Structure formats: C-alpha cells, structure tokens
Amino acid sequence: MISETAPAKLNLALHVRSRRVDGYHELETLFAFVRDGDRLTVERADTWSLRITGPFAHGLSAGVDNLVLRAAAAFVARFGGTMKFAVTLAKRLPVASGIGGGSADAAAMLRALARFDDVMLDDPALFSIAAELGADVPACLAGVTAIGGGRGERLQPVAGLPQTPVLLVNPGVTVSTPAVFARWDGVDRGALPDGDAQQIAMEGRNDLQAPALTLAPIIADVLALLEPDATLARMSGSGATCFALYDDIAARDTAATRIATARPGWWTSATTLA
Ligand code: C5P
C-alpha cells in the first residue's frame with residue numbers, strides 16, 4: 001500500500017500575459033505548496049476502484065471522469081502494467097477553489113503508480129502525462145516552489161519560503177476556472193518581478209483576482225478579513241480560496257481564530273509552506 005499526500009497548491013503570484021489561440025492563457029506564476037492537503041491511498045486489488053471520503057467528498061464523481069482515474073489510465077497507457085488498484089481519496093481541500101485539489105490528486109496518483117512500477121519521479125514521460133491532464137498537474141507532480149511559464153507547465157524550481165506560516169480561507173463558494181479566465185480583461189500588466197520568492201510574492205499580483213471578484217464578490221470580504229495582520233494576503237489561482245502569510249505562528253493562529261469566530265461557516269486551514 002502506498003499513501004501520498006496531495007498538498008494544496010498556492011499561486012503566490014499569478015500574472016496573466018496573453019490569450020493563446022488554443023484557448024489557454026500564457027502565464028507567469030510562482031507556485032508554492034503547503035504541508036497539508038488531500039490524501040491518496042493506493043493498494044493492489046483485483047479490479048480498479050475509487051472511493052472518495054472526507055469533508056469535501058460530496059458532489060465529486062468517483063467515475064472514470066475523475067482526474068485521479070484519468071491519471072491512472074494515462075499512466076497505464078504510457079507505461080503498461082497489469083496491476084490493478086483500489087484507490088481511496090480523502091478529500092480535505094475544497095473543490096474548484098484555486099488551490100489545485102484535483103490537480104494535486106492526479107499528481108499524487110501518478111507518483112503512487114510510479115513508485116509501484118519503479119518509474120523515476122523525474123521521468124519526462126510522467127511530466128508529459130501530467131501536462132496533458134491539466135495545466136497545474138506538472139507543478140503538483142514536482143511539488144516544489146517553482147516559477148511556471150506557458151500554461152503553467154514550464155517549470156523552473158526556485159528556493160522557497162519553507163516553514164512560513166500560512167492561513168488558507170475559502171468562503172464556501174466554488175468558482176469556475178474557465179469562467180474567471182474568460183473575464184480577464186486582456187491587459188498585460190507585466191512580468192513577474194525579479195528577485196527571490198519573497199520579493200516575487202510581495203511585489204507580484206494575481207491578475208485573476210479582479211475577474212474572480214466579478215463572479216464571487218465575497219472574495220473581497222475574505223481579503224478584508226485577512227489583510228489587517230498578514231504580511232501578504234492574496235487570492236490563489238482562479239479563487240475563491242485566499243491565502244495569508246505571517247511572520248510567526250502566533251499571528252497566524254490569532255487570525256485563524258478571529259476569522260473562524262467572525263465567519264463560522266467558512267473553511268480555514270492553518271498550515272505552513274513546504
Ligand atoms: O488545464 P486545466 O484543465 O486545469 O485548465 C482549466 C481551464 O482553465 C482551461 O480550460 C482554461 O479555460 C483555463 N486556463 C487557461 N490558461 C491557463 C490555465 C488554465 O485559460 N494557463
């Protein structure tokens with residue numbers, strides 16, 4: 001049996017540069033990962049199966065269209081193999097929320113199957129499968145702080161900000177990624193700033209924040225609640241989850257308590273950057 005964590009992905013900065021003819025957008029983004037996420041357990045079995053548990057299991061299909069099973073099918077198509085697996089996904093991250101849950105789950109599936117089959121985790125074929133599954137899947141497969149170019153799949157690892165206290169907050173609304181991208185105004189606001197991860201995060205932007213706000217105005221409330229005591233508060237991906245970075249654990253936990261009291265229905269996760 002192999003267990004893999006599928007950590008939440010953050011876009012510490014996300015600059016949209018242009019619309020592409022293939023319907024995607026040319027990005028420059030700083031990916032980072034936190035310590036916590038979904039959990040995937042994969043064990044040998046007589047037939048393939050997927051069981052989804054956990055607080056965000058409801059409403060998720062466990063059928064062949066699930067990205068985890070699509071990842072498995074793509075792996076078998078590329079690497080062969082006759083083994084079959086019973087897969088359990090503990091869904092702890094809110095879905096369609098900008099922190100890459102589905103992409104992280106697919107990447108965790110690829111890592112688990114690679115371990116079973118002795119495929120190297122840096123095998124380029126594994127990364128091309130990942131890129132076909134989704135723009136964020138290669139970043140989730142690598143799982144390290146990296147600058148992403150192209151659709152997000154061209155990765156350049158950079159030194160991260162390990163142990164930085166982070167609070168994730170989701171106001172309980174799902175946001176459609178294509179719908180947010182479609183509302184981007186087409187204005188190129190410039191490249192990622194130069195410098196280390198800290199500088200890029202502090203001086204960067206999320207160009208999807210404004211279009212996401214038009215679909216989910218509640219994101220403004222999340223940011224207003226996070227901003228007072230954070231070193232940085234910003235939306236991740238296409239939203240609606242926002243993250244805040246803190247100088248110390250105490251400041252993060254004070255903010256977590258304050259927000260849980262003010263908005264008891266919202267999802268929060270107090271964690272650290274990996
Ligand atoms: O690749 P993935 O399926 O995760 O992307 C979901 C949607 O997000 C795409 O269909 C596209 O509308 C949008 N997208 C984009 N440009 C990117 C990444 C995603 O337009 N670089």
Side-chain angles (χ1 to χ4, degrees), residues 6-33 37-38 56 60-61 63-75 89 91 93-111 126-143 146-156 170 173-192 200 204-216 219 234-241:
K9 162 229 72 165
L10 297 181
N11 301 90
L12 295 182
L14 198 173
H15 294 201
V16 185
R17 304 300 306 276
S18 63
R19 256 186 249 288
R20 299 172 21 154
V21 286
D22 63 3
Y24 275 84
H25 293 75
E26 202 65 20
L27 305 179
E28 286 175 29
T29 183
L30 177 58
F31 288 113
F33 295 86
D38 294 339
F56 291 102
L60 260 189
S61 156
V64 287
D65 56 327
N66 187 290
L67 205 54
V68 166
L69 291 181
R70 286 175 46 210
F75 183 94
L89 171 62
K91 195 74 205 160
L93 302 173
V95 299
S97 80
I99 50 176
S103 304
D105 300 341
M109 186 72 209
L110 293 179
R111 281 197 300 271
L126 208 54
F127 276 86
S128 47
I129 292 173
E132 280 167 27
L133 290 166
D136 285 345
V137 184
C140 292
L141 182 61
I147 291 173
R151 296 186 306 156
E153 85 287 6
R154 262 199 348 251
L155 298 171
Q156 179 197 331
N170 183 282
V173 297
T174 57
V175 179
S176 151
T177 299
V180 172
F181 271 104
R183 277 166 180 75
W184 176 61
D185 61 8
V187 176
D188 177 8
R189 293 176 173 79
L192 286 183
I200 296 172
R205 320 175 295 270
N206 183 345
D207 289 333
L208 295 181
Q209 204 165 287
L213 273 163
T214 66
L215 291 169
I219 293 165
R234 182 169 290 153
M235 193 184 84
S236 180
S238 55
T241 305

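Counting starts at 1 for both ligands and their atoms, in listed order. What you are looking at is a predicted structure, and each value in this text was computed from that prediction instead of being measured.
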Quiz item: So is Gly23 in contact with ligand 1, going by heavy-atom distances below 4.0 Å?
Solution: yes
Quiz item: Does Ser236 reach the main-chain N or O of Asn11 with its side chain, forming a donor-acceptor pair under 3.5 Å?
Solution: yes
Quiz item: Where do Ala71 and Leu110 come nearest, in terms of heavy atoms and distance?
Solution: O-CD2, 3.6 Å
Quiz item: In the protein, what heavy atom is nearest to atom 18 (C) of ligand 1, and what distance, to one decimal place, separates them?
Solution: Tyr24 CD2, 3.5 Å
Practice problem: Please tell me if the side chains of Val64 and Arg70 come closer than 4.5 Å, counting only heavy atoms from C-beta onward. | Solution: no
Exercise. List the closest protein heavy-atom neighbour of atom 13 (C) of ligand 1: residue, atom name, distance to the nearest 0.1 Å.
Key: Phe181 CD1, 3.4 Å
Exercise. Show which atoms of ligand 1 fall inside a sub-4.0 Å distance from at least one heavy-atom site of Gly134.
Key: 1 (O)
Quiz prompt | Protein heavy atom at shortest distance from atom 6 (C) of ligand 1 | solution = Thr177 CG2, 4.2 Å
Quiz item: Between Ala135 and ligand 1, is there a nitrogen or oxygen pair with a distance under 3.5 Å?
Solution: yes
Quiz prompt | Atoms of ligand 1, numbered as shown, that sit under 4.0 Å from any heavy atom of His25 | solution = 15 (C), 16 (N), 17 (C), 20 (O), 21 (N)
Quiz item: With side chains defined as the heavy atoms from C-beta onward, is the minimum distance between Thr29 and Ile147 less than 4.5 Å?
Solution: no
Quiz item: Would you say Leu27 contacts ligand 1, with heavy atoms under 4.0 Å as the rule?
Solution: yes
